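Start at 1 and go down the list; that is how both ligands and their atoms are numbered. Everything numeric here is computed off the predicted structure, so don't read it as measured data. Residues: numbered from 1 along the sequence shown. All values below come from the heavy atoms of this structure, side chains included, with hydrogens, waters and symmetry mates left out.
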Amino acid sequence: MLEDIRWGLSQSQKQLPSKYFYDTRGSELFEAITELPEYYPTRTETGLLKARVSSWVTEMAPASLVELGAGSARKTRILLSAMASGTSERTYAPVDVAGDFLRMSTELLRAEDPSLDVRPQVRDITWVLDFVVDLPGPVLFALLGSTIGNFEEKAAIKLLSNVRSAMEGRDLFLLGADLRPGEKKSIECLEAAYNDSQGITAAFNLNMLGALNRDAGTNFDLAAFRHKAFYNEKAGRIEMHLVAEDAQEVRIPGGGVVGIAAGESIRTELSCKYDKPLLTRMLESARLEVVKWCTDEDGLYAMILASPV
Ligand code: SAH
Ligand code: AVI
């Protein structure tokens with residue numbers, strides 16, 4: 001964590017990894033975001049999972065589901081029910097860095113369905129998925145919520161390749177991806193999703209600094225930063241920043257003091273947006289091929305099923 005902070009704050013555009021949003025409070029704030037009227041991705045993905053993806057899953061009849069960045073696993077229940085009609089023995093292996101939150105989500109799932117074999121993995125999703133060899137196959141891998149977008153293209157392809165390396169012949173990969181502006185999707189709609197009127201996204205963004213102060217011993221002054229999120233059209237991504245209102249000096253234990261000028265920003269998140277050719281290319285680079293693709297009727301969001309090449 002200290003190395004990430006030291007490196008990130010030494011870059012010309014200061015940055016911090018978005019995985020540090022998700023302490024327990026950050027995970028709760030993200031859950032609140034998913035229910036905001038402005039944040040369309042979660043409800044759109046839920047609609048597609050129910051209307052389209054369930055039948056893909058039933059047809060595949062996977063024995064195990066590996067979910068990367070599972071969070072509350074709320075939408076996962078749709079996938080688990082679709083699996084249930086194909087096979088009686090089901091294993092669910094959610095992977096997430098947010099350990100306490102993951103344990104809470106999995107306890108709930110176990111209580112709801114004692115026949116489900118739940119094997120939570122508290123770890124970074126970019127690490128080798130070596131636990132998969134112990135799971136009954138075929139395995140469905142899932143990366144929902146457009147979490148892929150929080151990785152720059154090169155890192156995203158590396159993540160997809162990591163999934164591909166854990167896959168065997170009959171396994172499949174389900175990806176949820178937020179789309180670029182189009183005929184029925186304006187830049188305003190996209191930007192509103194990251195600038196909600198209740199200020200929940202701003203609280204989520206600022207919470208990262210509190211988590212770093214507590215867990216890494218830094219001394220960011222939370223009151224001195226302001227949330228900023230905008231669509232970078234050229235790069236096809238939302239960027240979230242924390243802008244320093246006044247000049248700051250931040251102590252990094254074992255790493256000295258970093259100066260932040262008034263008006264300077266720390267980039268805390270990229271949320272890349274996609275279209276079909278770009279996603280197809282990225283999947284191909286990871287030796288995966290699109291077998292099913294669907295979007296909602298407004299072209300907000302896409303679900304893709306891919307198989308190993
Ligand atoms: N899949 C859920 C949650 C998305 S929020 C949904 O669609 O609503 C992103 C989730 O990924 C969080 O739970 C966060 O803790 C987790 N996460 C983010 N970066 C991660 C990383 N590098 N490794 C493991 N988990 C990560
Ligand atoms: C988890 N991830 C895909 C969310 C996103 O939209 O990029 C995180 C988020 N950031 C701000 N609002 C939601």
Side-chain angles (χ1 to χ4, degrees), residues 1 4 16-36 38-46 48-49 53 65-79 93-106 120-129 141-152 155-156 158-159 162-163 174-179 189-196 198-208 211 227-231 237-242 267-274 300-301 303:
M1 200 178 217
D4 285 344
L16 289 166
S18 57
K19 68 176 174 184
Y20 295 132
F21 280 133
Y22 301 95
D23 64 349
T24 299
R25 179 165 160 70
S27 298
E28 286 164 0
L29 284 166
F30 177 74
E31 279 308 295
I33 288 174
T34 64
E35 293 183 6
L36 290 168
E38 294 97 334
Y39 196 75
Y40 61 85
T42 309
R43 62 173 176 274
T44 311
E45 187 176 58
T46 303
L48 290 170
L49 284 167
V53 177
L65 171 64
V66 172
E67 185 178 7
L68 306 173
S72 70
R74 191 120 63 89
K75 287 170 291 188
T76 312
R77 286 158 169 85
I78 303 167
L79 297 177
V95 187
D96 207 295
V97 277
D100 291 339
F101 198 74
L102 181 64
R103 276 183 279 272
M104 280 190 298
S105 319
T106 52
Q121 310 288 325
V122 181
R123 57 160 88 199
D124 196 302
I125 55 176
T126 61
W127 294 356
V128 177
L129 304 167
F141 292 80
L143 181 57
L144 303 182
S146 202
T147 297
I148 183 83
N150 298 139
F151 295 81
E152 263 177 299
K158 212 167 151 204
L159 173 59
N162 192 33
V163 175
L174 177 66
L175 179 66
D178 198 12
L179 295 174
C189 146
L190 243 177
E191 290 190 327
Y194 295 83
N195 289 289
D196 65 275
Q198 297 171 50
I200 311 273
T201 310
F204 172 73
N205 197 3
L206 274 162
N207 178 63
M208 184 195 284
H227 165 76
K228 181 176 175 189
F230 60 91
Y231 186 61
R237 67 194 189 197
I238 289 280
E239 294 188 12
M240 285 217 313
H241 292 248
L242 287 166
R267 198 179 67 202
T268 47
E269 187 177 65
L270 298 178
S271 194
C272 302
K273 307 303 170 189
Y274 301 98
L300 301 176
Y301 199 90
M303 301 297 309

Is the shortest side-chain N to carboxylate O distance from R237 to E239 below 4.0 Å?
yes

Can you report which non-hydrogen protein atom sits closest to atom 7 (O) of ligand 2, along with the distance?
S271 OG, 2.6 Å

Among all protein non-hydrogen atoms, which one is nearest to atom 2 (N) of ligand 2, and what is the separation to 0.1 Å?
N150 OD1, 2.9 Å

Take D178 and T44 through the test side chain to side chain contact (heavy atoms under 4.5 Å, CB included) and record every step on the way to the result.
CA-CA 10 Å; D178 198 12; T44 311; over 6 Å; no

For residues Y231 and E191, is any side-chain donor paired with an opposing acceptor at under 3.5 Å?
no

Which of the ligand 2 atoms, numbered from 1, are nearer than 4.0 Å to a heavy atom of S146
3 (C)

For ligand 2, which atoms, with element, lie under 4.0 Å from some heavy atom of G145?
3 (C)

What residue and atom, counting heavy atoms only, is the protein's closest point to atom 4 (C) of ligand 2, and at what distance?
Y39 OH, 3.4 Å

Verdict with supporting geometry, L65 and T76, side chain to side chain contact (heavy atoms under 4.5 Å, CB included):
CA-CA 9 Å; L65 171 64; T76 312; 3.6 Å; yes

So, the side chain of N150 versus the backbone of L270: is there a donor-acceptor pair under 3.5 Å, distance only?
yes

Pair F230 + H241: ring centers closer than 6.0 Å:
yes

Report the C-alpha separation of F21 and F30 in whole Å, then their side-chain angles, then the decisive distance to 0.1 Å, and conclude whether the ring pair (Phe, Tyr, Trp, His ring centres under 6.0 Å) test is met.
CA-CA 9 Å; F21 280 133; F30 177 74; 9.5 Å; no

We want to know whether Y194 and S271 form a side-chain donor-acceptor pair, criterion being a heavy-atom distance below 3.5 angstrom.
yes

Does any N or O in the side chain of Y274 come within less than 3.5 Å of the main-chain N or O of S146, such that one atom is a donor and the other an acceptor?
no

Does Y22 come within less than 4.0 angstrom of ligand 2, counting non-hydrogen atoms of the residue?
yes

Any N or O of T147 closer than 3.5 Å to N or O of ligand 2
no

Please list, in number order, the atoms of ligand 2 under 4.0 Å from a heavy atom of F30.
1 (C), 4 (C), 8 (C), 13 (C)

Does a side chain donor of either N205 or T268 reach within less than 3.5 Å of an acceptor in the other side chain?
yes

Distance-only side-chain donor-acceptor flag, D4 / Y20, under 3.5 Å
yes

If we set the cut-off at 4.0 Å for heavy atoms, which region of F21 has an atom near ligand 2: side chain, backbone, both, or neither?
neither

Side-chain ion pair, K19 and E269, N-O less than 4.0 Å:
no

Min heavy-atom dist G149 to ligand 2 below 4.0 Å
no

Ranked by distance from atom 8 (C) of ligand 2, the top protein heavy atom is E269 OE2, 3.3 Å

For ligand 1, list every N/O pair with the protein closer than 3.5 Å, one pair per line with the distance.
from     : atom 1 : to   : atom 2 : distance (Å)
ligand 1 : 1 (N)  : G69  : O      : 2.7
ligand 1 : 7 (O)  : K75  : NZ     : 2.6
ligand 1 : 7 (O)  : G145 : N      : 3.4
ligand 1 : 8 (O)  : K75  : NZ     : 3.3
ligand 1 : 13 (O) : D96  : OD1    : 3.3
ligand 1 : 13 (O) : D96  : OD2    : 2.7
ligand 1 : 15 (O) : D96  : OD1    : 2.5
ligand 1 : 22 (N) : D124 : OD1    : 3.1
ligand 1 : 23 (N) : I125 : N      : 2.8
ligand 1 : 25 (N) : V97  : N      : 3.2

Could you tell me whether Y194 and ligand 2 have an N or O pair separated by under 3.5 Å?
yes

